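Have a look at the structure below, then the notes.
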Amino acid sequence: MRLDVRARLAVDDIQLAVDRLETETRGPLVRFDRYRERRQRTKRLTTGALAAIVAISALLFALRALQPHPTPASPTVPPGTILYGDWHAKAQDASWFTISTDGSARTDLGVTATCATWFPSGDRILITNDQEFHRTGGPLRPASVEPDGSGRVPLDGLTDPLLNLGCGDVSPDQSELALEGWVSHASSRSGIYEVRASDGSGLIRLTHGQDSVPEYSPDGTQVAFFRTKTGITPDGSGAIFVINTDGTGLRRLTPWGWTFLFEAWSPDGQWIAFQKPYGELYLVRPDGSDLHEVPLALPAGMGASNPAWSPDGQWLVFTAQNGDVSSLWAAHPDGSALQQMTQPSAVQQTQSSWRP
């Protein structure tokens with residue numbers, strides 16, 4: 001590992017220690033420690049380890065340049081609107097924006113949240129209500145906003161004063177939310193939960209484990225999610241699991257240590273996309289078969305993360321990052337037609353979501 005990388009990681013570790021100390025002195029905010037630490041660890045590891053793939057990426061880039069025939073012009077990404085976040089490493093949340101798939105009409109929603117995703121109808125956005133959490137000291141609950149960031153509606157119908165409900169998804173019929181849940185200092189309560197999308201009440205528990213970022217299958221009968229556990233390497237990694245929405249049929253789709261946060265189910269229900277450490281996109285069938293890499297010929301030093309699907313299932317949009325600079329890119333699921341969608345920025349972009 002290069003000296004500058006070690007130095008950056010050391011600074012991040014010091015900052016993390018300071019943040020932990022600050023959190024411990026803020027009373028109710030201690031409930032959010034595990035949530036923040038997990039994301040800071042994963043984001044730091046992902047960023048630092050991307051340097052390890054520079055040589056491989058450079059080789060692939062050089063081989064591509066030596067092809068005897070020029071590459072045809074890439075097909076145009078279909079019209080649509082991308083929702084994405086600019087991640088704040090110290091605060092452990094993101095500022096949220098929308099942008100057209102042609103790179104125009106970038107709009108700041110004025111929303112700060114850990115996670116956000118479109119409702120299937122495209123007329124609302126589900127967010128983690130970090131603003132209210134920081135105002136009251138918890139627990140964390142979801143909320144919804146209009147596509148322009150206005151009209152925030154807290155979905156806080158749950159009466160449990162200890163259970164935090166974080167990142168998640170809206171069911172295809174928009175009746176339910178699947179959310180990651182946890183209670184500080186009570187690991188037995190960690191898992192995936194469902195609540196009503198209308199008001200956040202009607203709690204149902206689906207899983208028991210260190211489970212995060214659930215996403216519904218297109219038919220609404222299953223939920224995919226990320227699970228980690230003690231002793232998994234690299235640190236912060238885990239595996240993709242699937243469970244039926246009635247709580248049956250739990251199964252692991254990937255080997256342990258093969259995934260970081262955020263998986264994405266294709267619109268036809270045939271594939272789940274995820275990031276493999278470090279900086280590689282993979283696809284797997286919902287039954288765990290046909291696990292394979294998406295071969296992306298990114299520029300040297302870049303790694304891919306946070307995949308999402310276009311509504312027609314013909315494209316993947318993802319974050320491409322080199323050090324502290326990132327941008328949104330798109331490609332077909334076979335890695336072809338690779339193209340950049342946004343200009344690079346000195347922030348880490350996270351969790352994109354695509355509507356028509």
Side-chain angles (χ1 to χ4, degrees), residues 80-85 94 96-98 109 111 113-132 140-158 163-181 191-207 211-226 240-247 261-269 272-274 286 306-313 317 350-356:
T81 303
I82 305 294
L83 170 71
Y84 71 95
W96 291 89
F97 301 83
T98 58
L109 303 185
V111 170
T114 306
C115 295
T117 190
W118 291 109
F119 273 66
S121 61
D123 61 354
R124 300 286 294 178
I125 297 170
L126 175 69
I127 66 170
T128 51
N129 201 0
D130 298 62
Q131 176 179 302
E132 186 68 10
L140 182 66
R141 295 291 159 76
S144 70
V145 295
E146 300 285 348
D148 63 0
S150 65
R152 183 184 300 247
V153 177
L155 304 175
D156 56 0
L158 185 63
L163 182 65
N164 296 281
L165 296 175
C167 302
D169 193 25
V170 187
S171 64
D173 65 2
Q174 302 193 157
S175 65
E176 304 291 329
L177 306 177
L179 305 167
E180 59 189 28
I192 303 301
Y193 293 80
E194 277 193 322
V195 294
R196 283 191 287 268
S198 58
D199 61 3
S201 65
L203 185 73
I204 298 173
R205 186 170 189 174
L206 295 183
T207 73
D211 303 335
S212 305
V213 293
E215 181 169 316
Y216 283 102
S217 63
D219 64 6
T221 64
Q222 301 176 84
V223 173
F225 60 93
F226 168 86
I240 300 297
F241 281 71
V242 168
I243 192 169
N244 298 330
T245 50
D246 63 3
L261 289 172
F262 300 117
E263 72 290 330
W265 214 308
S266 65
D268 62 4
I272 295 172
F274 63 93
N306 307 322
W309 294 83
S310 63
D312 64 5
V317 61
T350 184
Q351 197 200 3
S352 53
S353 179
W354 191 331
R355 74 167 189 185

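Quantities reported herein were computed from a predicted structural model and do not represent experimental measurements. Hydrogens, waters and symmetry mates play no part in the numbers below; they use all other heavy atoms, side chains included.
Contact check for T207 versus F225: side-chain heavy atoms found under the 4.5 Å cut-off. V213 places a side-chain heavy atom less than 4.5 Å from the side chain of E180.
A donor-acceptor contact shorter than 3.5 Å links the side chain of S217 to the backbone of Q222. Between the side chain of Q174 and the main chain of S121, a donor-acceptor pair closer than 3.5 Å is present. Checked by atom type and distance alone, the side chain of Q351 pairs as donor or acceptor with a backbone atom of A116 at under 3.5 Å.
With values rounded to the nearest 0.5 angstrom, T221 atom OG1 is found 11.0 Å from Y216 atom OH. To the nearest 0.5 Å, atoms CG (N306) and OG1 (T350) are separated by 4.0 Å. Of the inter-residue distances, the one linking L163 atom CG with Y193 atom OH reads 5.0 Å to the nearest 0.5 angstrom. Taking CG of L179 as the reference point, atom CG of L158 lies at 10.0 Å (rounded to 0.5 Å). The line from CG of L165 to CD1 of I192 is 10.0 Å long, rounded to the nearest 0.5 Å. Expressed to the nearest 0.5 Å, how far OG1 of T117 lies from CD1 of I125 amounts to 9.0 Å.
Between P214 and C167 the shortest heavy-atom distance is CD-O, 3.5 Å. When all heavy atoms are compared, the tightest approach of P311 to W354 is CD-CD1, 3.3 Å. Of all heavy-atom pairs between S266 and P218, the closest is O-CG, 3.1 Å. In plain terms, the two heavy atoms of A197 and L155 that are nearest each other are O-CD2, 3.7 Å. Summarising the geometry of A224 relative to I272, their closest heavy-atom pair is CB-CD1, 4.0 Å, with the distance given to 0.1 Å.
With salt bridges taken as basic N to acidic carboxylate O contacts below 4.0 Å, one links E146 and R124.
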- Task: Check the pair F226, F262 against side-chain contact (heavy atoms from CB on, under 4.5 Å), reporting the backbone distance first and the verdict last.
- Result: CA-CA 7 Å; F226 168 86; F262 300 117; over 6 Å; no

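Applying the side-chain hydrogen bond (donor to acceptor under 3.5 Å, both in side chains) rule to R152 yields the partners N129, Q131; only residues at least two apart in sequence or on another chain are considered. Annotation: side chain to side chain contact (heavy atoms under 4.5 Å, CB included) contacts of E215 (sequence neighbours excluded): D169, E263, A264, W265. Applying the side chain to side chain contact (heavy atoms under 4.5 Å, CB included) rule to A113 yields the partners W96, V111, I127, T128, D130; only residues at least two apart in sequence or on another chain are considered. Applying the side chain to side chain contact (heavy atoms under 4.5 Å, CB included) criterion to P147, with sequence neighbours excluded, gives W118, R355. Remark: S175 engages S171, D173 in a side chain to side chain contact (heavy atoms under 4.5 Å, CB included) (not counting sequence neighbours). Residues that satisfy the side-chain hydrogen bond (donor to acceptor under 3.5 Å, both in side chains) test with S352, not counting sequence neighbours, are absent from this structure.
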